Amino acid sequence: MKINSILRCILIMGCFVVSVPLLSQEMVVLPNGGCGRLLDTNTSSSDDGGLLCIRLGKETVNPDNMTDTDVNSYASLKPGTGAGVFCSMSLGVGTTGTDFPADKPVYIDFASDGFNLYASFNAGNFVFYNNGQEVYVTGINEHFLLDLGDNQQRRIIKVTPPAAWDEVRLVFDEVLGAGLVFSQIRVYNILSEYYLAPMTYLSQPADQTIAAGESATMTAMINNTTADETPDNITYQWQVLNGGTWTHLTNDVHYSNVNSSTLSISNAPVSFNNNQYRVVANSSFHTCSFQGISSVGRLFVNSVEGPGTIAADQTVCMDISNDPALFTPITGELISGTAEYQWQSSADNIVFTDIMNATSATYDAPAVMQTTYYRRGIRSVLNGNITAYQYSNVVKVILKQNCQINGIVTNRVICARMNNN
């Protein structure tokens, strides 16, 4: 029994030891917006020394504040007032664990203020080290001769070192300087991850034009590359504008993948013409919620719902005039795009052929030499999409050889004798 208890205690202690590094990377909500994960560090350092740094008020203090959970606490670097030759001051945090990987962003929450008036040559940098060796430098200020200081509001800068590192320092170096200095650089947080709403899109929905019954896709992808600021747990919801209200889509006979980055639209009916679609992406990190609403993609469904009707059957006569009257529409066509016409004729009402240059809404046929049938084809052209022709009713032009009536005209004299009785 005692052995089991001892083993249990060892197991619990082992779990606690394993859990400690995980707890050290705290997640915080930042006052200037967004959420972040503090850099996992277990060492800190400060140095306000250097050669001949004769300055009043110079200090580098509270390096631990750069990775603590109080998001408004900060480490402070003050150059002080006086003279300096080869002054070097720094604040740093590091880890004795795994190196921070190369080409992965780190985010530094800092501000600076003050007014400096002295002749100097100095520079402020964030410097990254690996095993004590400098591997990357990014500058935040640099002055030559007249130093008027830096005033930068609290902000987050994104730095992507090209090499693995295990320590980062804020370093202020001064080759030569003398005069009045009233300044301070404050580092609030150093973050291994940082997410700021709203999320941004790598691609947006594009307008689509299809014929009725065809398929289309709408795609909108959140920018979620390895070097961005977007959490991984992204969800998508496609919507359609319905009577002025954006309505969630559900998977059915026409829609699929409504909860993915690509919406599929199948066998689109004519009623989908001019539909507007967008996607809403959501994600979360710690207590922060993020949302990104895409731009709108419009679906155009090209169709001919009705080819219209034309008028009318006619009878023409060879001995009077065999030229048919103008064919005109009775009812208009129902189409999505721009109408294109093609008239056809037939001798047997079975086989129809196109009539050259007969491409208007009306048609004035030439004189016929036999009974002939006519119809009008119509197709819709919309954003480069062209439907097949649909055809109107057929009108018949009957040709008669003789339509004049031949009669005999005679003159007769009728005599009548009066009866006196």
Side-chain angles (χ1 to χ4, degrees), residues 33-35 195-225 228-285 288-308 329 331-341 361 377-390:
C35 283
Y195 305 121
L196 180 65
M199 294 186 288
T200 58
Y201 280 86
L202 189 64
S203 61
Q204 298 275 9
D207 292 349
Q208 303 283 321
T209 302
I210 59 174
E214 292 183 347
S215 299
T217 58
M218 295 280 178
T219 299
M221 180 73 72
I222 286 292
N223 186 8
N224 195 31
T225 59
D228 72 351
E229 295 85 35
T230 301
D232 291 329
N233 55 332
I234 302 170
T235 62
Y236 294 91
Q237 175 62 63
W238 282 92
Q239 298 178 327
V240 63
L241 188 61
N242 188 359
T245 301
W246 287 102
T247 304
H248 286 356
L249 291 174
T250 57
N251 292 324
D252 58 21
V253 295
H254 295 298
Y255 296 116
S256 58
N257 303 318
V258 299
N259 298 122
S260 72
S261 59
T262 299
L263 172 69
S264 297
I265 306 169
S266 303
N267 191 26
V270 175
S271 60
F272 281 15
N273 185 44
N274 282 324
N275 272 4
Q276 297 182 55
Y277 299 95
R278 73 179 189 184
V279 69
V280 179
N282 288 282
S283 187
S284 62
F285 178 79
C288 291
S289 296
F290 308 96
Q291 187 176 88
I293 299 177
S294 73
S295 60
V296 174
R298 191 183 295 268
L299 181 68
F300 298 98
V301 181
N302 194 18
S303 67
V304 178
E305 299 179 64
T331 60
E333 63 274 357
L334 297 175
I335 64 172
S336 300
T338 302
E340 289 188 351
Y341 304 98
I378 183 172
R379 66 184 182 184
S380 178
V381 180
L382 182 62
N383 299 330
N385 183 273
I386 303 174
T387 66
Y389 279 109
Q390 292 190 29

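Nothing fancy with the numbering, it's 1 onward along the sequence. Quantities reported herein were computed from a predicted structural model and do not represent experimental measurements.
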| field | Donor-acceptor contact below 3.5 Å, side chain H254 vs main chain S266 | value | yes
| Closest approach of S256 and L263, non-hydrogen atoms and distance? | O-CD1, 3.5 Å
| To the nearest 0.5 Å, how far apart are CG in L196 and SG in C35? | 9.5 Å
| query | Between N233 and S283, do the side chains contain an N or O donor and an N or O acceptor separated by less than 3.5 Å? | reply | yes
| task | Would you please name every residue forming a salt bridge (Lys or Arg N to Asp or Glu O under 4.0 Å) with R379, sequence neighbours left out? | result | E340
| Are the side chain of Q204 and the backbone of S295 linked by a donor-acceptor contact shorter than 3.5 Å? | yes
| Taking C-beta and beyond as the side chain, do L382 and V301 meet within less than 4.5 Å on heavy atoms? | no
| field | side chain to side chain donor-acceptor pair (under 3.5 Å) partner of N302, the single match among N385, T387, N383 | value | N385
| message | Going by salt bridge (Lys or Arg N to Asp or Glu O under 4.0 Å), name the residues that satisfy it together with E305, two or more places apart in sequence or in a different chain. | response | none
| query | Are side-chain heavy atoms of I222 and Y201 found at a separation under 4.5 Å? | reply | yes
| query | Taking atom types as modelled and ignoring hydrogens, do the side chains of N282 and S289 form a donor-acceptor contact shorter than 3.5 angstrom? | reply | no
| request: Rounded to the nearest 0.5 Å, what's the gap from CD1 on I210 to OG on S336? Could you check? | output: 10.5 Å
| Is Y277 close to I265 at the side-chain level, that is, under 4.5 Å between some pair of heavy atoms? | yes
| message | Please verify the inter-ring angle class for F272 with Y255; under 30° counts as parallel, over 60° as perpendicular, anything in between as tilted. | response | parallel
| query | Hey, does N274 have a side-chain heavy atom less than 4.5 Å from the side chain of R298? | reply | yes
| message | Just so I know, are the side chains of N259 and Q237 near enough to count as touching, which here means a heavy-atom distance under 4.5 Å? | response | yes
| So, for Q276 and W246, which heavy atoms are closest and what is the spacing to 0.1 Å? | O-CZ3, 3.5 Å
| task | Output the distance between atom CZ (F285) and atom CZ (F290), rounded to the nearest 0.5 Å. | result | 7.5 Å
| Is the backbone of S260 close enough, under 3.5 Å, to the side chain of W238 for a donor and an acceptor to pair up by distance? | yes
| To the nearest 0.5 Å, how far apart are OG1 in T200 and CG in N223? | 4.5 Å
| request: Specify the closest pair of heavy atoms between Y341 and A361, including all atoms of both residues, with the distance to one decimal. | output: CD1-N, 3.7 Å
| query | Can you tell me how far CD of Q208 sits from OG of S215, rounded to the nearest 0.5 angstrom? | reply | 11.0 Å
| field | A220 to S294 - nearest heavy-atom pair and separation | value | CB-CB, 4.1 Å
| said: To the nearest 0.5 Å, what is the distance between CZ on R278 and CG on L249? | reply: 11.5 Å
| Do V304 and E333 have side chains that get closer than 4.5 Å, going by heavy atoms? | no
| said: For a quick check under 3.5 Å, do N257 and T262 share a side-chain donor-acceptor pair by atom type? | reply: no
| message | Using only atom types and a distance under 3.5 Å, with no angle test, would you say the side chain of S203 pairs donor to acceptor with the backbone of M221? | response | yes
